[in-house]
Structures are given as C-alpha cells and as structure tokens.
Amino acid sequence: METVAVIDFETTGMKPEQGARATEIGAVLIRDGVVIDRYASLMHTGAWVPPFIESLTGITNEMLLDAPPAERVMREVSDFVGDAPMAAHNAAFDSRFWSAELARIDRDRPVDFACTLLLSRRLYPEAPSHKLGNLGRWADLPSVGRAHRALADAELAARLLLRMEADLLIRYGVEEVSHPFLCKLQQAPRRRMEELIERFAP
DNA sequence: TGCCAGGCCCTCTTTAGGGCCTT
C-alpha cells in the first residue's frame with residue numbers, strides 16, 4: 001500500500017472558524033503495515049489556551065511561549081507529509097485545522113482524509129466505545145504515550161488504521177486496501193459497505 | 001481570562017431527538 005500520513009492536532013478549541021488555533025501537531029507515516037516515520041511539534045500562535053484544555057492535554061500557555069512559530073511548524077509538517085493521502089481519528093475535526101493552518105501559509109490544497117472513527121464504527125460495531133483511547137485498549141493496541149498529546153494520538157490512530165487494514169485483508173478477504181477504497185468505505189451505509197467489501201474481495 | 005459545533009448514527013425514525021466524537 002502507498003504511504004499514508006496520519007495526523008493529530010491539539011488545539012485551543014473546537015473550530016478554527018471560531019478563532020481556535022492549533023497548539024501541537026503529530027504526524028506519522030505508515031507504509032506496508034508499519035510506521036516508517038514520525039513528526040511532532042508544539043506551535044506558537046499567540047492564542048490563549050483555556051484551563052480546561054491545559055488540563056486535558058497538559059499543554060500549557062507557558063509551554064507555548066518557547067514553541068516555534070506555527071508558520072514554521074506547518075511548513076515543516078507539510079513538507080514531511082508531502083503528497084501522501086491522509087487520515088485522522090474524527091477527520092472532520094483535524095482536516096479543518098489542517099486546512100486552516102495551511103491556508104495561513106498559502107499551502108492549503110484539497111485532500112481526502114480517511115477517518116478511523118467512521119471506519120471503526122463500520123468495522124467494529126461491537127466495540128463499546130469508538131473514542132480513540134478506548135478503541136486502542138479494546139483492540140489491545142500497544143501503549144504509545146500520553147493520551148491527548150499529538151504524536152501519541154497520531155501514532156495510536158495510525159496503529160488502529162493498520163489493524164483495520166489487516167482485518168480487511170485477512171478477515172474480510174479484501175485484495176488491496178487503497179486509500180480511495182477506505183474513503184468510500186467510511187461513507188458507505190452498512191449494506192453498501194458490505195457490497196463494497198464483497199466487490200473488493202477475491 | 002472564555003466563548004461553545006456539527007456531522008454521524010441509531011431508533012421508541014423519516015414532519016425527530018439525542019448520544020457520540022474531536023479540543
């Protein structure tokens with residue numbers, strides 16, 4: 001399979017349209033079933049981090065004072081990701097920040113995100129919770145660090161995506177798990193999902 | 001120091017409501 005970039009943002013809020021900014025990004029490249037590279041950095045935007053989010057992420061306003069500027073970090077991570085197709089857990093969230101932060105350095109480009117939340121709801125409907133951390137424990141994925149830090153969450157989402165790819169290959173008999181196939185699968189109604197899997201099975 | 005979304009998905013549904021998930 002082609003290289004895929006799995007990203008995770010920590011931010012000051014829920015929506016860039018409401019003034020929320022990124023505080024940290026983690027990016028993990030996966031290929032042929034394994035993690036092949038990692039990038040992570042705090043980023044300074046000048047935006048204030050509310051106490052709730054300081055507590056949630058452990059990223060404080062003080063920590064961000066010495067962080068590199070967001071423009072530099074986004075240039076670096078954009079170079080790191082290159083043209084790789086992308087994925088995230090609840091990609092609707094991370095893709096908005098990816099686009100918004102890149103737009104600030106004139107590097108925004110259309111990109112389809114695979115979403116490990118949407119995919120896990122389809123592939124693992126029996127899971128008691130589809131929160132990233134809960135899925136990781138449920139699937140017995142190895143611990144990768146503090147939850148709600150960007151690199152740990154990106155790595156966990158990457159390992160979850162690798163598990164789902166392996167299950168599609170082995171359990172469902174799908175011949176090749178391409179990024180476009182995952183993007184179709186995550187949007188498909190349940191019946192359509194089964195049709196899609198059957199079509200891609202040998 | 002603080003405002004507080006929206007798409008997905010299920011069901012006691014579809015002329016709707018509410019929980020989940022991300023920070």
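Below, chain A is the first sequence line, B the second, and so on; all start at residue 1. All values below come from the heavy atoms of this structure, side chains included, with hydrogens, waters and symmetry mates left out.
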Sorted by chain and residue number, the side chain to side chain contact (heavy atoms under 4.5 Å, CB included) partners of A:Thr116 (sequence neighbours excluded) come out as A:His89, A:Ala157, A:Leu160, A:Leu161, A:Met164

Using the 3.5 Å cut-off, write out each protein N or O paired with an N or O of nucleotides 10-14 of chain B and the distance between them.
from   : atom 1 : to       : atom 2 : distance (Å)
B:dC10 : OP1    : A:Arg190 : NH2    : 2.8

Using whole Å, report how far CG of A:Leu185 lies from P of B:dC8. 15 Å

Take atom CZ of A:Arg122 and atom C1' of B:dC21, then tell me their distance rounded to the nearest Å. 14 Å

Just the rounded figure in Å: distance from P of B:dT22 to CD1 of A:Ile53. 14 Å

If I pick the P atom on B:dT14 and the same atom on B:dG18, what distance separates them, to the nearest angstrom? 13 Å

Measure from CG on A:Asp8 to P on B:dT23 and round the result to the nearest Å. 5 Å

Might you point out which heavy atoms bring A:Ser120 and A:Leu135 nearest each other, and give the distance in Å? OG-CD1, 3.4 Å

Return the set of residues passing side chain to side chain contact (heavy atoms under 4.5 Å, CB included) with A:Leu42 (not counting sequence neighbours), or none when no residue passes. A:Glu24, A:Ile59, A:Met63, A:Leu64, A:Ala67, A:Arg149

Show the nearest heavy-atom pair for residues A:Thr11 and A:Thr23, with the distance to one decimal. N-OG1, 3.6 Å

Scan residues 130-138 of chain A against DNA chain B and write down, sorted by residue number, each residue with any heavy atom closer than 4.0 Å; if none is found, say none. A:His130, A:Lys131, A:Leu132

Of the listed nucleotides (B:dA5, B:dT23, B:dC3), which one gets closest to any side-chain atom of A:Gln18? B:dA5

Taking atom C1' in both B:dT13 and B:dC9, what distance in whole Å separates the two? 12 Å

Between A:Asp153 (CG) and B:dT22 (C1'), how many Å, whole number? 10 Å

Hits for side-chain hydrogen bond (donor to acceptor under 3.5 Å, both in side chains) against A:Arg96, two or more places apart or cross-chain, chain-then-number order -> none

Any side-chain N or O of A:Lys15 less than 4.0 Å from the OP1 or OP2 oxygen of B:dG6? yes

Take the protein atom CD of A:Glu24 and the nucleotide atom P of B:dT22, then report the distance between them rounded to whole Å. 16 Å

Distance, rounded to the nearest Å, where A:Leu119 contributes CG and B:dC21 contributes P: 15 Å

Counting only side-chain nitrogens and oxygens, does A:Thr23 get under 4.0 Å of the OP1 or OP2 atom of B:dT23? no

For B:dC4 and B:dT22, measure between their P atoms and round to the nearest Å. 22 Å

Could you list the residues that satisfy side-chain hydrogen bond (donor to acceptor under 3.5 Å, both in side chains) with A:Thr60, not counting sequence neighbours? none

Pair listing, ring pair (Phe, Tyr, Trp, His ring centres under 6.0 Å) test, anchored in residues 126-151 of chain A, at least two apart: A:Tyr124-A:Trp138

Sidechain-backbone polar pair: A:Arg109 side chain, A:Leu102 backbone, donor-acceptor under 3.5 Å: no

For A:Asp112, all residues meeting side-chain hydrogen bond (donor to acceptor under 3.5 Å, both in side chains), sequence neighbours excluded: none

With a cut-off of 3.5 Å and sequence neighbours excluded, list every side-chain donor-acceptor pair involving residues 70-84 of chain A.
from    : atom 1 : to       : atom 2 : distance (Å)
A:Glu76 : OE1    : A:Tyr39  : OH     : 2.7
A:Ser78 : OG     : A:Arg107 : NH1    : 3.3
A:Asp79 : OD1    : A:Arg107 : NH1    : 2.8

Find the distance A:Met14:CE to B:dC20:C1' and express it as a whole number of Å. 11 Å

Contact check, residues 88-104 of chain A vs DNA chain B, heavy-atom distance under 4.0 Å, returns A:His89, A:Asn90, A:Phe93

Residues in side-chain hydrogen bond (donor to acceptor under 3.5 Å, both in side chains) contact with A:Asp108, at least two apart in sequence or another chain: A:Ser99

Could you list the donor-acceptor pairs under 3.5 angstrom formed by side chains in residues 15-22 of chain A, with sequence neighbours left out?
from    : atom 1 : to       : atom 2 : distance (Å)
A:Arg21 : NE     : A:Glu101 : OE2    : 2.9
A:Arg21 : NH2    : A:Glu101 : OE1    : 2.9

When the C1' atoms of B:dC21 and B:dT1 are compared, how many Å lie between them, rounded to an integer? 27 Å

Go nucleotide by nucleotide along DNA chain B from the 5' end; which of A:Thr12 and A:Phe9 gets its closest nucleotide reached first? A:Thr12

Suppose you measure atom P in B:dG19 against the same atom in B:dC12; what distance do you get, rounded to whole Å? 15 Å

